[in-house]
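First listed ligand is number 1; within each ligand, the first listed atom is number 1.
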Amino acid sequence: MSIIKVEHIGIAVDDIAQSDQLFALLLDRQPYKHESVEREGITTSFYDLGSCKIELLESTRQGSAIEKFIEKRGQGMHHLAFEVDDIVEEMERLRSAGFQLLNDTPQPGADNKLICFLHPKSTGGVLVELCQEIKAN
Ligand code: CMX
């Protein structure tokens, strides 16, 4: 098995505190985690829906991918993340199939994951993330 399921949907927001109020009301639950990812210049909150999660993303750095996205398109759906069981193997499969990978090697991401993004120009306009849980040895 390669792609297992939709792990989460990423939503770019202007103000995470404000959006947390909206999404807590919409989803009828509180976020289970707030986490900043320095390398990406973002802060996040995660909502657990059982089979899938919702990730809110706010930019914390000028020029970050989230800031650029909101400038161009406004708040809204930013990426679709698929859980994979072997990210290196899956990256190789997709690279060979002609998809444009945005990372040469898996990178550490939020929520204890190794991640890799695929350019939306090669995936029909959807920014796709592959993610694999980092397991403690
Ligand atoms: N979904 C769909 N299309 C997107 C997009 C997105 N999230 N972000 C940008 N695009 C589009 C742009 O609108 C642009 O389209 P047009 O040429 O039609 O205007 C096109 O992709 C290319 O844009 P670009 O200007 O060449 O490139 P950007 O500088 O906007 O970068 C991208 C786009 C995807 C390469 C960059 O955002 C990236 O590297 N993303 C991966 C990292 C990331 O998103 N990190 C934040 C989340 C981290 C996390 O969840 O942990």
Side-chain angles (χ1 to χ4, degrees):
M1 194 162 36
S2 42
I3 287 181
I4 299 168
K5 64 171 190 175
V6 174
E7 209 279 335
H8 66 267
I9 294 168
I11 299 176
V13 302
D14 286 326
D15 179 331
I16 208 158
Q18 215 171 57
S19 292
D20 265 336
Q21 289 185 18
L22 179 70
F23 278 82
L25 189 62
L26 176 69
L27 302 172
D28 195 21
R29 71 203 70 198
Q30 295 299 316
Y32 68 90
K33 181 185 270 191
H34 289 105
E35 187 178 345
S36 294
V37 184
E38 195 79 16
R39 194 175 52 80
E40 294 282 356
I42 55 167
T43 188
T44 65
S45 52
F46 283 91
Y47 294 81
D48 191 354
L49 301 180
S51 58
C52 180
K53 297 164 186 163
I54 300 292
E55 176 186 25
L56 304 184
L57 306 116
E58 179 193 321
S59 172
T60 53
R61 189 179 64 223
Q62 245 187 348
S64 72
I66 296 301
E67 187 191 71
K68 284 172 82 175
F69 176 85
I70 290 180
E71 267 172 19
K72 216 166 185 177
R73 299 174 165 225
Q75 299 190 101
M77 270 193 52
H78 177 259
H79 66 266
L80 183 59
F82 295 119
E83 184 180 349
V84 298
D85 53 8
D86 184 333
I87 194 164
V88 173
E89 198 176 278
E90 199 56 14
M91 285 169 68
E92 198 42 54
R93 181 182 77 81
L94 293 167
R95 191 184 286 118
S96 301
F99 292 94
Q100 187 187 341
L101 275 56
L102 289 165
N103 314 103
D104 291 333
T105 54
Q107 302 294 313
D111 206 26
N112 196 39
K113 298 281 193 299
L114 286 174
I115 64 173
C116 174
F117 282 94
L118 274 60
H119 200 290
K121 289 283 179 201
S122 71
T123 51
V126 179
L127 177 60
V128 170
E129 176 185 339
L130 306 176
C131 62
Q132 181 185 350
E133 180 128 8
I134 300 171
K135 296 216 171 74
N137 288 321

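If you look at Ile42 next to ligand 1, the close heavy atoms, those under 4.0 Å, all belong to the side chain. Residue Leu57 touches ligand 1 through its side chain alone, judged by heavy-atom distances below 4.0 Å. Of the heavy atoms in Lys68, only side-chain atoms (C-beta onward) come closer than 4.0 Å to ligand 1.
In this structure the side chain of Ile87 reaches within 4.5 angstrom of the side chain of Met91, judged on heavy atoms. Within the 4.5 Å cutoff, side-chain heavy atoms of Cys131 are placed close to those of Ile115. Side-chain contact between Asp86 and Glu90: absent, with no pair of heavy atoms (C-beta onward) separated by less than 4.5 Å.
Checking atom 13 (O) of ligand 1 against the protein gives a heavy-atom contact under 4.0 Å. Using a 4.0 Å threshold on non-hydrogen atoms, atom 9 (C) of ligand 1 does not count as touching the protein. The presence of a protein heavy atom under 4.0 Å from atom 32 (C) of ligand 1 is ruled out. Distance screen at 4.0 Å: atom 3 (N) of ligand 1 has a protein heavy-atom neighbour inside the cut-off.
At least one heavy atom of Gly125 sits closer than 4.0 Å to an atom of ligand 1.
Counting the atoms of ligand 1 from 1 in the order shown, those under 4.0 Å from a heavy atom of Leu127 are 1 (N), 6 (C), 7 (N), 34 (C), 44 (O). Interface of Glu55 with ligand 1, defined as ligand atoms under 4.0 Å from a residue heavy atom, comprises 50 (O).
Within the model, atoms OG1 of Thr123 and CD of Gln100 stand 9.5 Å from one another, a figure rounded to the nearest 0.5 Å. For the atom pair CG (Asp20) and CG (Leu25), the distance works out to 12.0 Å, reported to the nearest 0.5 Å.
Scanning all protein heavy atoms for the shortest distance to atom 36 (C) of ligand 1 gives Ala65 CB, 4.4 Å. Protein heavy atom closest to atom 38 (C) of ligand 1, with residue, atom name and distance, is Leu102 CD1, 4.0 Å. Looking from atom 25 (O) of ligand 1 to the surrounding protein, the closest heavy atom is Lys72 NZ, 3.5 Å. Pro120 CG, 3.8 Å is the protein heavy atom nearest to atom 21 (O) of ligand 1. Given atom 5 (C) of ligand 1, the protein heavy atom at minimum distance is Phe69 CD1, 3.8 Å.
By heavy-atom distance, the residue among His119, Glu35, Glu129 lying nearest atom 22 (C) of ligand 1 is His119. For atom 11 (C) of ligand 1, the nearest non-hydrogen atom from the set Lys121, Glu67, Arg73 comes from Arg73. Taking each of Met77, His78, His79, Gln100 in turn, the one with a heavy atom nearest to atom 44 (O) of ligand 1 proves to be His78.
Electrostatic pairing of Lys33 and Asp111 counts as a salt bridge here, judged by a charged N lying under 4.0 Å from a carboxylate O. Checked for salt-bridge contact, Glu71 and Lys68 miss the test: no charged N lies under 4.0 Å from a carboxylate O. Taking the charged nitrogens against the carboxylate oxygens, Glu129 and Lys113 have no contact shorter than 4.0 Å, which rules out a salt bridge.
The shortest heavy-atom contact between Glu40 and Ser64 is O-CB, 3.7 Å.
Atom CD of Gln18 sits in a sparse spot, with 12 or fewer heavy atoms from other residues, nucleotides or ligands closer than 6.0 Å.
With hydrogens and angles left out, the side-chain atoms of Glu55 and His78 include no donor and acceptor closer than 3.5 Å. Asp28 and Tyr47 are not linked by any side-chain donor-acceptor pair at a separation below 3.5 angstrom, with hydrogens and angles left out of the test.
Considering backbone and side-chain atoms together, Glu40 places an N or O closer than 3.5 Å to an N or O of ligand 1.
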